[in-house]
2 protein chains.
Amino acid sequence: MNKLTMKEIAKLANVSQSTVSRVINGNTGVNEEAMKRVLQVIEEVGYVPNKAAQTLKKSQSNIIGVCLTETYNPYFVELVDALESEARKIGYSILLHNSKHNPITEWESIQNFIARQVDGIILVPTGEYNIQRISKLAIPTIVMTQNRKPLDSVGLDHMKAGKIVGEKFIHAGHKTFGYVGTNPDDDKFLGYKSALYENGFSFDLKNYIQLEETSKNNFLMRRDIEDYLNKVKSLDFTCLFTNNDIMALEFMKAARERNIKVPEDISVIGFDDTYLAKIMGISSIHQPIEEMVKTTIDILVDRMENEVSSESVQIKLDPTLIERMSS
Amino acid sequence: MNKLTMKEIAKLANVSQSTVSRVINGNTGVNEEAMKRVLQVIEEVGYVPNKAAQTLKKSQSNIIGVCLTETYNPYFVELVDALESEARKIGYSILLHNSKHNPITEWESIQNFIARQVDGIILVPTGEYNIQRISKLAIPTIVMTQNRKPLDSVGLDHMKAGKIVGEKFIHAGHKTFGYVGTNPDDDKFLGYKSALYENGFSFDLKNYIQLEETSKNNFLMRRDIEDYLNKVKSLDFTCLFTNNDIMALEFMKAARERNIKVPEDISVIGFDDTYLAKIMGISSIHQPIEEMVKTTIDILVDRMENEVSSESVQIKLDPTLIERMSS
DNA sequence: CTGTTAGCGCATTCAA
DNA sequence: TTGAATGCGCTAACAG
């Protein structure tokens with residue numbers, strides 16, 4: 001059997017190759033008869049147009065490049081899932097890369113996206129490293145879950161989320177506050193602190209359970225948490241906000257082994273509202289993934305269709321707190 | 001700035017386009033001088049060759065199409081992760097699709113793979129539906145985690161895994177046995193049963209907690225398990241093997257609420273050894289994902305390189321039981 | 001309504 | 001060692 005190309009279909013249907021093209025692209029102005037014949041041949045032989053040729057010709061690939069930093073956190077999995085569904089709906093495929101928090105790998109992925117003529121990029125960045133270079137690209141790029149200024153971004157309002165948690169704790173009568181995270185300049189933490197200060201409380205830095213930047217899985221997080229607990233002997237706070245659900249989970253497990261009761265002794269609130277939180281009954285800040293993804297794709301489509309790049313947008317969605325037994 | 005093409009690079013470096021091509025493809029027989037100049041220009045302008053054109057020309061895309069049935073089970077996430085890493089190492093990208101257990105969606109994904117000229121396909125199939133069609137394709141395809149006969153496959157020996165669990169329970173002194181799953185013809189269950197029968201025990205079908213085929217998330221599984229527990233009043237088995245870790249988890253949670261103690265009242269063993277099992281201390285059959293993925297990619301590479309398609313292979317790796325507190 | 005034609009960006013053959 | 005020429009499969013004028 002010959003390789004299946006338009007030419008081949010044309011021959012079989014007794015028309016010219018361009019007529020086949022017209023039929024496939026749903027162009028008007030094709031004889032009913034001819035169209036039926038072409039369609040039938042296509043059906044019979046199972047012909048599928050070669051995307052590489054289409055891409056080359058149209059400079060449009062119908063691919064969206066997605067580059068994440070990790071898949072360990074279930075949050076990102078739910079994200080990919082939603083992205084794939086949403087992209088599929090509008091005829092796009094997802095080329096998935098994982099930078100694993102490595103800026104070099106990230107840049108390689110971007111290069112690959114360029115080479116493959118992706119129409120758009122969705123990025124969970126490793127940091128600032130490649131942002132400038134990326135913003136100079138001709139390919140529209142949306143950053144998810146964080147703000148990286150020259151680029152468009154869609155994410156939750158982390159500052160506000162931190163505030164909500166802080167206020168929630170205060171209303172519940174707590175007077176001493178803890179936090180688990182990797183970076184004290186993080187917006188979640190800043191929002192949390194500001195809620196405390198605005199209400200006449202303060203945050204004691206010794207209650208910041210600092211995880212190493214590189215502690216990107218349960219095991220490493222757990223180790224850091226254990227280290228902290230072993231060091232401080234007794235906890236000087238009665239409530240705890242964690243940077244994500246995994247940290248909340250690991251803290252709660254470590255606490256249980258030490259007979260620290262959640263929520264009686266310590267209230268815990270996590271972040272992301274992944275199914276980990278649902279499974280374990282952890283209160284958590286909900287990330288409206290569906291909405292975020294829809295918004296992201298909307299902006300991306302807009303950027304892809306309208307060459308004229310207007311000002312970049314930073315969209316911050318409103319966080320909500322889902323309360324469960326841990327608080 | 002002009003669009004970056006080889007022609008453009010050639011002009012800037014004062015050589016012909018074909019020389020640029022030679023440099024890029026590491027071909028011998030290029031003047032040292034010229035090569036340096038070309039390389040420098042490429043570096044300066046940040047040129048990346050157009051993959052669409054390369055694909056068209058070489059009929060080779062360096063893409064591996066991956067189509068899963070779900071990402072709800074963390075097992076599949078770990079799988080994708082490993083696939084992406086391994087593929088990247090040998091210069092391939094992953095085009096990720098999710099059929100969501102829908103054969104029609106699955107076939108659409110396959111069509112997309114064909115259109116994109118992927119060099120190979122890795123498939124977690126929705127069932128038998130498309131297997132015949134796929135096996136007729138010119139694209140090498142490997143099925144993961146199950147056997148689908150005309151195709152190559154790599155997976156765990158489910159039958160043996162079932163046996164191991166059955167024998168383990170028997171050695172621990174259990175006399176009555178339970179199972180949670182969606183399909184009683186499943187190899188895991190068959191292996192489990194055979195271990196029982198070989199040792200003079202039997203499996204009472206009323207101890208089969210039947211989940212609906214469509215119960216593909218925690219919530220639905222939980223509902224089915226609750227229904228069962230409400231129906232039977234008291235449990236007629238002292239140990240339980242579940243089709244995957246999520247089911248084990250949900251059973252344990254439901255049990256806890258009913259004051260059924262694990263492992264005192266009931267021993268539980270799950271399947272996949274995902275991090276859910278690790279987090280929750282659930283004994284589980286370990287899936288050697290790394291090894292499976294490496295094997296899969298090896299076979300795929302072999303198939304991609306050697307046109308001559310020899311007999312299909314069905315690789316079944318040996319399962320191991322990881323014991324934790326639940327058993 | 002339809003066929004002919006000209007590239008899209010690249011790898012590769014053939015001459016030089 | 002190099003450049004010119006060809007064609008991968010397709011879309012989109014253009015001419016009929």
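Lettering follows sequence order; numbering is per chain, from 1.
- For residues 122-150 of chain A, no residue pair satisfies the ring-ring contact (aromatic ring centres under 6.0 Å, His included) rule, not counting sequence neighbours.
- Residues forming a salt bridge (charged side-chain N to carboxylate O under 4.0 Å, His left out) with B:K89 (at least two apart in sequence, or on another chain): B:E86.
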Per-pair distances, 0.1 Å, donor-acceptor, side chain in residues 45-54 of chain B, under 3.5 Å, sequence neighbours excluded:
residue, atom, partner, partner atom, Å
B:N50, OD1, B:A52, N, 2.7
B:N50, OD1, B:A53, N, 3.2

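- Among residues at least two apart or in separate chains, ring-ring contact (aromatic ring centres under 6.0 Å, His included) pairs with a member in residues 65-85 of chain A are A:Y72-B:Y275.
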**Study point:** Sequence-aligned protein contact record of nucleotides 8-15 of chain C, with B where the base is within under 4.0 Å of a protein heavy atom and S where only the sugar-phosphate is
**Key:** BBBBBB--
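- Atom CZ of B:R116 is separated from atom P of D:dC10 by 14 Å (rounded to the nearest Å).
- Counting only residues at least two apart or on different chains, the ring-ring contact (aromatic ring centres under 6.0 Å, His included) pairs with a member in residues 85-116 of chain B are B:H97-B:F113.
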